[in-house]
Amino acid sequence: MTMPDFLLSAAAFVLVMVALGLIRILRGPEDVDRMMAAQLFGSGGIAALLLFGVATEAKAVIDVALTLALLAAFASVAFVQGISRPDSDDSQETRDE
Amino acid sequence: MPHSLSSQDVTTPGGLLLVLAILIPFVGMLIGFVFGGGKAQRVALATLAAGLAIVIAIAHALVQSGDAVIYILGGWKPPLGVALRADGLSVVMLVAIAVVICGIGVYARADFGTPSGVKEARAPLTFWLLLLAVWGSLNLVFVSGDLFTLYVALELLTFAAVPLVSLDGRSETVRSALRYLLYALLGSVLYLLGAVLLYGVYGTLDIPLLAIRVRPEPAAWAALALMISGLLAKTALFPLHLWLPPAHAGAPAAASAVLSGLVIKGSWFLAVRIWFDVFAGVVTLPSAQMLGGLGAAAILVGNVVALRQTRLKLLIAYSTVAQIGYLFLMFPLATGLSSAGLDSVVSVNGGMLQAISHAMAKAAMFMAAGLVYATLGHDRVADLRGLASALPMTVLAFALAGASLIGLPPSGGFLAKWLLISAAITTLQWWWALVMLAGGLLTSVYVFIVVVRTLAPAHEGWKPKSPVPRYQQAVVLALALCSFLLGAAVLCPVDVMQIGRTVSRNTLLP
Amino acid sequence: MNGPTLFGLCAAALIGFGLYGLIVNPQPLRKIIGFNIIGSGVFLLFGTIARRGAAVGMGGDPVPQALLITGIVVAFSATALAVALLLRLFDEGGVVTLASEASPTEAKADPPDA
Amino acid sequence: MKIALDIFTIFSVMAGAFFFLAGTVGLLRFPDPLTRLHALTKADNLGLGLVVLGLLPQTHWPLDTIKLIAIWLFALLAGATVGQLMACTARRGGGQRK
Amino acid sequence: MTLALAVDIGLALLILAMAAWTIAVRDTFASVIGFVTYGLLLTLVWVRLALPDVALTEAAMGGGLTGALLIGAAARLRRTEATVRERPGVLTRTLAAVLSATVTAALSFCVLNLPDPAPTLAPAAAAKLGSTGVGNPVTAVLLAYRSMDTLLEAIVVLIALFGVWSLAHDRFWGGCPQLRTHADSEGILAYFARILPPIGIIVGVYIFWIGADFPGGKFQGATILAAMWLLVIGAGLAYLPPISRIWLRILLVAGPLVFIVIGFAGLVTAGAVFAYPDGFAKPLILAIEIALMPTLVLALALLVAGAPQRMPPQ
């Protein structure tokens, strides 16, 4: 097995893990579960992407992964912002632990 | 014999004017936005004047050279680059739309002035910026020779038109705007899908190149079906018309005039462009008959529903649904003529004239309805008494515009319908002629009802709710007169519409 | 069967899914999502075509790629405008539907020459 | 040398894949959102770190290497932040369906 | 090769499942999350299709900004969701299914019968690439061969922004758009929003800068910068400016206006509008891109932020 083939198999494996995780997460039942989807992509998706990219020697993939890493975090934050109730006292929520 | 867009690819004298016709309105919009407030209106009006001059210069260049006006952007020739091309059809639309836009601009000064004491107000600024945006996008639709640039033009037109619907911010109009936007977005995405397929099969998006390469095969049929369906949804042809009446009737008068008179002509013109210039060798008579059938249904349904409206603006909006129907009768007639080996020019000219005279008449009608509303405080058709004495010019304008919609001589509507009916008779498609006559009859009933109601004397002591500036009435009358006298186009020594359209190689003759 | 063809078929299916969602879902936000899925299907089809056009050392035909970028930005603008309309409607009335008398996408795309 | 680096890559990527497996098993098996969140943010970020580590020898020094490490740091930062925000939301019962 | 194909098939199935779930799920919020995930998956597809420029755009737009936009809307609309439960009847659904299936079948047929070899403009683009001075052919298409489209695209974004603003209430005209924020300057989010944006800005500018010669460019870079700005605002560390600010308006129109000015300068120097004189193509293209950057960053972020909702503090 050559290096690209190995990396591609690893990418496929990680992708299957991400897919399985997605199934669990999206079933809910709570929105907090579903919000983890972007997070799952922030790690698993990027890992698969990098493995794809290095396997096919596409250099630009690293830039794509960089963008994805930045914006998956952004999307996750947006999820959390969207989900917390606007009427609750927001200033308390991150301090009360 | 089908005619199609000239396929030359060198810049002609006057070609630069095409770039200006597209960019001047957008530059006006950008500068108006920076200044904001009342200055935006002044910038917009100055832009209207400049744009009108440019469009007239384009018409001059076309007639002078007797051939299409072409500009190769950046010197990059198609298929890699993009060419702007104005043939007779483009130029006629350019001029007509410029006239109507200028009329609307003058009319709107009274309705969309920035109130004194305020630095800037929402509705006026939005209106002036978007009026220019609509104009720039329409000019782009008329002169672009590239299917993707045309997609961008369609989206520009949609984004500029939708906020005009909801300008007054009532929830009803916001809902209409949203519904319109969803229809329009679906329409443009279907159009884009068709364009993508064409690129995938023929490797270009340039219209004259495609005309040469397109073959009658499944991919081309699918692209045609997708693009035309998308454009039908945007043009609001029956049965995809449901978004139109509430959207057009709910907007302020000047905005309704823009939407009903002009915006729908953009997607319709694109349908014409595609049908005759890209797919000339692909379209078949049955498919054209189907479009004609939808058009006929639109004429009958639109007119009957218009008859039953109790509010003037809704009546006018449904009449637009019907008039759009006539625009689509040109497809079976032209295709019928060319498959019989005859020249399809008669019906193409008829359809174009219908588009132009409707643009002028419908803008005049909506603006007249705006004046009626200002005078009476309502627009209930049952209660229009006293109008004829209060607003004689406006009522006359309404009647003239109505005459053009009905198709009374010597109006533009008359000439258009006469050309279409004669094409129907030549090709033995008499049923379209019957539909057109029935449509004219129905139209005459509601125009007549409205005019007669206005002639009734007012109640004792009735006073107009608010005075209407004379210049607004004059503009409305002028547009209505343009539409009414457009029939004089028959006296034109050269057939302007067919300049720059070469006889296509893709004839349908065996 | 190769990669581009596979994703081309995938694009065709996505367009079908999106169209169904756009017609059937009553909520405007779901319609907006449906529109976006159709849009991405169209883009994916264009991407397939771009990939098939790989030549002279380029991984794909650059013209469709550039147009795709334009298309994605335009689709985003459209979504933003639609969402703004939807939120304004919500502010006005609280209930967000597209009127009762007409579902906006009935009988959408009659192919005129089918 | 090349061989050694390749073997390092293979081991590291395999270890990373193992942690993704562990994370997914956690997601599937853990009973409530907080524990599942734990599985996701800890195991998957470790997995990503190992994959990145494994890929380092296969990429070009220095720009690509820095970018790869930056990617992992972003993921860690986002994981930590979002994990905590979500945990707060979950604890307040936010997002529970009515 | 077969391994790669297997991976592609798996990815395609995952995408389709994601799309189907997004459409079928009852809960709107779940659907939005599904759509964002779908957008992220799509990025993988673009990478598999070896179209990195598009992958970058999709990663930035599809996952980031569109996600934030839709999530914000879904969150605000939450309470009304229970009231809209009616679904169309069986007949409508059947017709819709038939229509969709027809479209899919027709398109599939077209896809399977695309001509071989595929028509392509790649050789033509490559032949002229030298005269544009840029190394990335996609940038050459965007800013030389079809620069008109790119200019119009920037104008599309601006017009959409005017449309969004026109939905403000009259009393807030000239005021500030607002995001739902967690205004806690000590919290974890604020910490995150202090750390990430400086690095994000570097990444955004980097993606923009390499666009001339490698995959990347102004749209992708601008999207990243816009997302970073929104993050800072969302964490309550900054506010959006009032839309009446003159500097804001000048920056918004500067991009297209500079583009037009340089375009018309080409008339004098190179004989055609949007042409570049020999040897000056690359600096001029860079100048246009640099001018478009602030326009796009502001316009994209403000599109997400929506209509003005409050007056600026006096």
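Naming: A, B, ... by sequence-line order, numbering from 1 per chain.
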(request) Just give me the residue among Gly200(B), Ala133(B), Gly81(B), Gly75(B) that pairs up with chain E most often, heavy atom to heavy atom, under 4.5 Å. (result) Gly200(B)
(message) Please classify the contact between Ser166(E) and chain B as side chain, backbone, both or neither, with a heavy-atom cut-off of under 4.5 Å.
(response) both
(request) Please flag which part of Thr150(E) lies under 4.5 Å from any non-hydrogen atom of chain B: side chain, backbone, both or neither. (result) neither
(message) Using 30° and 60° as the class boundaries, would you call the ring planes of Trp173(E) and Trp165(E) parallel, tilted or perpendicular?
(response) perpendicular
(message) So for Ile246(E), is it side chain, backbone, both, or neither that comes closer than 4.5 Å to the heavy atoms of chain B?
(response) side chain
(request) Under 4.5 Å, counting heavy-atom pairs only, tell me which of Val152(B), Val82(B), Val201(B), Leu73(B) racks up the most with chain E. (result) Val201(B)
(message) Counting the benzene-type ring for Trp, do Tyr180(B) and Tyr183(B) have ring centres under 6.0 Å apart?
(response) no
(message) Between Arg85(B) and Asp206(B), does any NZ, NE, NH1 or NH2 come within less than 4.0 Å of an OD or OE carboxylate oxygen?
(response) yes
(message) Can you tell me which of Leu84(B), Val162(B), Leu140(B) forms the most heavy-atom pairs within a distance under 4.5 Å of chain E?
(response) Leu140(B)
(request) For side-chain contact (heavy atoms from CB on, under 4.5 Å), just list the numbers for Tyr199(B) and Leu147(B), CA-CA rounded to whole Å, side-chain angles, deciding distance to a tenth of an Å, and then say yes or no. (result) CA-CA 9 Å; Tyr199(B) 186 86; Leu147(B) 290 183; over 6 Å; no
(request) Go through the atoms of Leu114(E) and report whether side chain, backbone, both or neither lie under 4.5 Å from a heavy atom of chain B. (result) side chain
(request) Give the member of Ile22(B), Thr126(B), Val34(B) that has the highest number of heavy-atom pairs under 4.5 Å with chain E. (result) Val34(B)
(request) Taking Tyr202(B) for its side chain and Ala211(B) for its backbone only, find out whether a donor-acceptor pair lies under 3.5 Å. (result) no
(request) Please look at Leu167(B) and chain E and tell me whether the side chain, the backbone, both or neither of the residue comes under 4.5 angstrom of a heavy atom of that chain. (result) neither
(message) Tell me whether Trp76(B) contacts the main-chain N or O of Ser147(E) through its side chain, where contact means a donor paired with an acceptor under 3.5 Å.
(response) no
(message) For Phe109(E), which atoms come within 4.5 Å of any heavy atom of chain B: side chain, backbone, both, or neither?
(response) side chain
(message) How close do Thr149(B) and Arg146(E) get, counting heavy atoms only, and between which atoms?
(response) OG1-NH2, 3.6 Å
(request) Give the intermediate values and the outcome of side-chain contact (heavy atoms from CB on, under 4.5 Å) for residues Phe219(E) and Leu300(E). (result) CA-CA 10 Å; Phe219(E) 289 114; Leu300(E) 293 175; 5.9 Å; no
(request) Grab the two heavy atoms, one from Asn139(B) and one from Ala21(B), that are nearest each other, plus how far apart they are. (result) ND2-O, 3.0 Å
(message) Counting only non-hydrogen atoms closer than 4.5 Å, does Ala121(B) touch chain E with its backbone (N, CA, C, O), its side chain (CB onward), both, or neither?
(response) backbone
(request) Against chain E, label Phe33(B) side chain, backbone, both or neither, depending on which of its atoms sit under 4.5 Å from a heavy atom there. (result) both
(message) With a 4.0 Å cut-off on N to O distance, would you call Glu120(B) and Arg249(E) a salt bridge?
(response) yes
(message) Donor-acceptor pair, distance only, cut-off 3.5 Å: does the side chain of Ser31(E) make one with the backbone of Thr22(E)?
(response) yes
(message) Would you say that Cys176(E) contacts Pro242(E) through its side chain, given a criterion of any heavy-atom pair below 4.5 Å between the two side chains?
(response) yes
(request) Check whether Leu152(E) gets within reach of chain B through its side chain, its backbone, both or neither, counting any heavy atom under 4.5 Å. (result) both
(request) Tell me, for Tyr71(B) versus chain E, whether the close heavy atoms (under 4.5 Å) come from the side chain, the backbone, both or neither. (result) side chain
(request) Tell me, for Ala270(E) versus chain B, whether the close heavy atoms (under 4.5 Å) come from the side chain, the backbone, both or neither. (result) neither
(message) Under a 4.5 Å cutoff for heavy-atom pairs, which residue among Ala168(E), Ala118(E), Ala106(E) has the most contacts with chain B?
(response) Ala168(E)
(request) State, yes or no, whether a side-chain contact exists between Leu161(E) and Leu252(E) at a heavy-atom distance under 4.5 Å. (result) yes
(request) List the atom of Ala307(E), the atom of Leu167(E), and the distance in Å for their closest heavy-atom pair. (result) CB-C, 4.0 Å
(request) May I ask you to name which of Ile260(E), Leu267(E), Val273(E), Ile250(E) has the most heavy-atom pairs under 4.5 Å with chain B? (result) Val273(E)
(request) Heavy-atom pairs under 4.5 Å with chain B are the metric here; pick the option from Phe162(E), Phe264(E), Phe274(E) that has the most. (result) Phe162(E)
(request) Taking all non-hydrogen atoms of both residues into account, name the closest pair between Phe279(B) and Met227(B) and its distance. (result) CE1-SD, 4.1 Å
(message) Looking at every non-hydrogen atom in both residues, tell me the closest pair between Thr204(B) and Pro79(B) and how far apart they are.
(response) OG1-CB, 3.4 Å
(message) Can you tell me which of Leu129(B), Val118(B), Ile72(B) forms the most heavy-atom pairs within a distance under 4.5 Å of chain E?
(response) Leu129(B)
(request) Name the region of Leu164(B), side chain, backbone, both or neither, that has any atom closer than 4.5 Å to a heavy atom of chain E. (result) neither
(message) Is it the case that the side chain of Thr47(B) and the backbone of Gly28(B) share a donor-acceptor pair, with hydrogens and angles ignored and the cut-off at 3.5 Å?
(response) no
(message) Taking side chain as everything from C-beta outward and backbone as N, CA, C, O, which of these in Leu248(E) sits under 4.5 Å from a heavy atom of chain B? Side chain, backbone, both or neither.
(response) neither
(message) I'd like to know if the side chain of Thr295(E) reaches the main chain of Val253(E), judged simply by a donor and an acceptor atom lying under 3.5 Å from each other, with no hydrogens or angles considered.
(response) no
(message) Are there residues of residues 11-20 of chain B whose heavy atoms fall under 4.5 Å of chain E's heavy atoms? If so, which?
(response) Leu16(B), Val19(B), Leu20(B)
(message) Looking at every non-hydrogen atom in both residues, tell me the closest pair between Ala184(B) and Thr158(B) and how far apart they are.
(response) CB-CG2, 3.4 Å
(request) Identify which part of Tyr276(E) has an atom lying under 4.5 Å from any heavy atom of chain B, answering side chain, backbone, both or neither. (result) neither
(message) Is Ala125(E) close to chain B through its backbone or its side chain, or both, or neither, when contacts mean heavy atoms under 4.5 Å?
(response) both
(message) For Leu23(B), which atoms come within 4.5 Å of any heavy atom of chain E: side chain, backbone, both, or neither?
(response) side chain
(message) For the interface with chain B, which of Val111(E), Leu107(E), Val141(E) has the highest count of heavy-atom pairs at distances below 4.5 Å?
(response) Leu107(E)
(message) Quick check on the interface: out of Leu30(B), Leu80(B), Asp146(B), Ile31(B), who has the most heavy-atom pairs with chain E under 4.5 Å?
(response) Leu80(B)
